[in-house]
Protein chains: 2
Amino acid sequence: MKLKDIGEFGLIEKIKQTTSIPDGVIGIGDDCAILPQDTLMETLVSTDMLVEGSHFLRSDVKPKQLGWKSAAVNISDIAAMGGKPLATFLSIALPPDLESEWIDDFISGYSECCTKYGATLLGGDTTSCEDKICINVTVLGTCPVGSAKLRSTAKVSDLICVTGNLGDSAGGLKAILEHRPRTEDCKRLIERHYHPVPRVVEGLKLSKLEGIHAMMDISDGIASDLRHILKSSNVSAEIDLSKLPISDELKAVWPEDLYNLATSGGEDYELLFTIDPSIISSISIPFTVIGTILPNNDNNTIQWIGSDTVFMGFRHF
Amino acid sequence: MKLKDIGEFGLIEKIKQTTSIPDGVIGIGDDCAILPQDTLMETLVSTDMLVEGSHFLRSDVKPKQLGWKSAAVNISDIAAMGGKPLATFLSIALPPDLESEWIDDFISGYSECCTKYGATLLGGDTTSCEDKICINVTVLGTCPVGSAKLRSTAKVSDLICVTGNLGDSAGGLKAILEHRPRTEDCKRLIERHYHPVPRVVEGLKLSKLEGIHAMMDISDGIASDLRHILKSSNVSAEIDLSKLPISDELKAVWPEDLYNLATSGGEDYELLFTIDPSIISSISIPFTVIGTILPNNDNNTIQWIGSDTVFMGFRHF
């Protein structure tokens with residue numbers, strides 16, 4: 001059997017089976033692992049790899065944008081648990097004939113993002129790869145003991161909420177790949193693709209509210225990511241497609257493909273969270289209610305109100 | 001200017017300049033970063049990337065060996081500071097048509113090493129890469145506050161010591177690349193290349209002795225690695241080539257290339273440390289004295305006693 005037949009989640013399941021997690025530690029299955037630090041604080045750790053050809057095309061992305069994005073998508077994992085970013089570690093494999101200016105710009109974008117969110121670059125590894133750029137970032141964060149928001153804590157009747165708009169990043173990527181004319185709308189979508197904003201401030205505010213039950217960031221689209229919450233929490237859900245927050249720019253550029261981009265495009269790096277309906281008025285950040293958590297219907301599925309399509313989310317293999 | 005003209009250390013210097021390290025934290029320049037944990041303990045973090053074609057050839061290395069080695073070279077960085085390994089995070093980019101058996105064997109070797117040294121696999125990232133396997137491991141460890149051994153603390157008159165033998169791994173790699181007949185000696189060198197043993201027990205013992213001044217692990221060969229200690233500590237050194245610990249296997253297979261392999265081959269993953277001569281009899285692990293720390297001679301150079309060659313160590317670019 002080939003890897004593509006097992007799929008990403010099959011692979012993660014294989015890896016999970018070989019590891020036994022000590023008491024007091026949360027391992028594979030959330031946006032970050034959680035390790036005890038002292039009696040007051042816990043350490044959050046997450047890691048993400050970006051490979052040329054799979055995650056970006058060198059001819060399209062500016063090195064400064066790629067540097068920012070490499071840091072941002074990792075810091076987003078700390079935001080997803082409601083943590084405070086602390087430090088990053090950058091491993092990078094580069095072709096020996098790459099221009100040194102490329103590296104300078106990459107590091108400049110990377111450092112800008114780290115500085116903005118307080119995640120100091122503390123180490124890493126530099127090595128060569130004949131023909132491809134490969135980047136891995138590990139991020140450490142911190143949060144008060146027991147305050148990290150998990151995927152496994154959604155409750156029946158919770159409202160399902162998201163920050164920001166969905167689908168802009170995927171709409172920007174589609175515009176790049178299909179060589180769309182660079183209208184102002186199109187440029188804004190592309191900017192959203194290359195310059196994701198980790199929701200650190202929002203995550204920290206949400207982490208302080210007890211009625212926020214489950215939380216994660218949206219990296220593969222809600223169709224895929226919400227399923228992680230449903231499976232971990234053993235519930236199901238309904239999503240009202242008419243309620244999805246969709247930008248005017250996305251409506252203008254891709255009117256025929258809105259629901260697919262907004263549910264399955266991925267790389268939004270917005271927060272997806274479930275709340276006790278009674279706390280809705282105590283949430284002090286902009287957000288949109290898009291659905292409801294339902295009792296488990298045997299296989300943790302999502303009912304899409306407003307379409308017969310079953311959206312699947314982005315697949316890595 | 002191209003990356004290959006700047007070199008690995010030029011690149012690291014560029015990265016270092018963009019980051020400002022908070023008080024109480026040690027960042028780029030040692031085997032691990034050190035972060036405060038609580039009043040008693042500190043957290044150690046290190047990360048390493050292995051790229052197909054640069055670090056290994058898929059046709060030569062067995063996936064189980066590669067899994068072991070990916071974990072071992074990272075755990076070795078914790079050993080290098082005298083720390084206790086705690087957790088690892090594995091990012092891996094794989095071609096979609098890779099056989100699932102390959103992955104199973106890789107994970108089996110990886111887990112075996114993690115389990116042996118107490119470094120639980122707590123998370124990671126799985127993604128695709130069309131034609132190359134790319135692996136990144138981040139390892140976390142812990143040590144009592146102030147007990148981590150650094151590169152910057154070597155003192156004039158210290159004896160320079162190493163654990164184990166030098167050059168076996170490089171001799172094994174050379175045997176693979178040059179298709180040497182697989183004699184018993186040759187097989188043992190190749191085993192040393194594919195199955196490095198992180199010196200965790202030895203590092204922990206050495207970390208308890210105050211007279212151990214500087215310490216690191218040998219990944220690029222002492223010719224390169226000792227220079228890091230010399231530069232950080234602002235000293236120079238002499239190494240007596242006749243004292244280098246060289247195995248009978250290496251002497252049998254590569255009699256004409258011993259000094260080059262032992263000083264510049266790399267991937268030994270032995271410990272390199274400097275000691276106050278007065279504590280030599282309190283060291284309870286096997287080790288060899290190979291030289292002496294001297295006052296700085298303006299450019300932190302190594303005098304090689306027994307050869308006119310200036311050995312340089314392994315270069316990544």
Side-chain angles (χ1 to χ4, degrees), chain A residues 1-6 8 11-12 14-15 18-22 25 27-28 32-33 35 37-38 43 45-49 51 53-55 86-87 89-91 93-100 103-104 107-108 111 120-130 132 134 136 138 140 316-317, chain B residues 1-6 8 11-12 14-15 18-22 25 27-28 32-33 35 37-38 43 45-49 51 53-55 86-87 89-91 93-100 103-104 107-108 111 120-130 132 134 136 138 140 316-317:
Chain A
M1 196 187 282
K2 305 280 189 186
L3 179 56
K4 62 187 167 200
D5 306 317
I6 306 170
E8 184 187 11
L11 174 56
I12 294 172
K14 269 178 190 286
I15 294 173
T18 67
T19 185
S20 74
I21 309 292
V25 171
I28 301 164
C32 300
L35 289 94
Q37 184 175 329
D38 60 23
T43 301
V45 188
S46 184
T47 191
D48 260 312
M49 188 175 264
V51 180
S54 299
H55 296 87
L86 197 65
F89 295 82
L90 169 66
S91 299
L94 297 166
D97 63 354
L98 196 66
E99 292 295 334
S100 106
I103 324 268
D104 292 341
I107 297 169
S108 154
S111 300
T120 316
L121 173 61
L122 284 188
D125 190 20
T126 54
T127 190
S128 68
C129 176
E130 204 44 55
K132 266 197 180 62
C134 182
N136 192 85
T138 301
L140 267 69
H316 292 276
F317 291 111
Chain B
M1 195 187 280
K2 306 279 190 188
L3 179 57
K4 61 188 169 201
D5 305 316
I6 307 171
E8 184 187 11
L11 174 57
I12 294 172
K14 269 177 191 285
I15 295 173
T18 68
T19 185
S20 75
I21 309 292
V25 170
I28 300 163
C32 299
L35 289 94
Q37 183 175 330
D38 60 23
T43 301
V45 187
S46 184
T47 190
D48 261 312
M49 187 175 266
V51 181
S54 300
H55 297 87
L86 199 63
F89 296 82
L90 169 66
S91 298
L94 298 166
D97 63 353
L98 195 68
E99 292 294 334
S100 108
I103 324 268
D104 292 342
I107 298 170
S108 153
S111 301
T120 317
L121 173 61
L122 285 189
D125 190 20
T126 55
T127 190
S128 68
C129 176
E130 204 43 56
K132 266 195 181 62
C134 182
N136 192 86
T138 302
L140 268 69
H316 291 277
F317 290 111

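Only a predicted model underlies this, so the values are computations on that prediction, with no experimental measurement involved. Order of the sequence lines sets the chain letters (A, B, ...), proteins ahead of strands, with each chain counted from 1.
Residues A/Thr43 and B/Thr43 fail the side-chain proximity criterion, which asks for heavy atoms closer than 4.5 Å. A 4.5 Å side-chain heavy-atom check between B/Leu94 and B/Thr126 finds every atom pair outside the cut-off. The side-chain heavy atoms of A/Phe89 and A/Asp125, taken from C-beta on, include no pair separated by under 4.5 Å.
For the options B/Thr138, B/Asn136, B/Asp38, heavy-atom pairs under 4.5 Å to chain A are most numerous at B/Asn136. Between chain A and the residues B/Ser46, B/Ser91, B/Cys134, B/Cys32, the most heavy-atom pairs under 4.5 angstrom are made by B/Ser91. With respect to chain A, the highest number of heavy-atom pairs below 4.5 Å among B/Ser108, B/Ala87, B/Gly124, B/Ser100 belongs to B/Ser100.
Only the side chain of B/Ile103 comes within contact range of chain A, with at least one heavy atom under 4.5 Å from a heavy atom of that chain.
The neighbour count for A/Glu99 CD, taken as heavy atoms of other residues, nucleotides or ligands under 6.0 Å away, is above 12.
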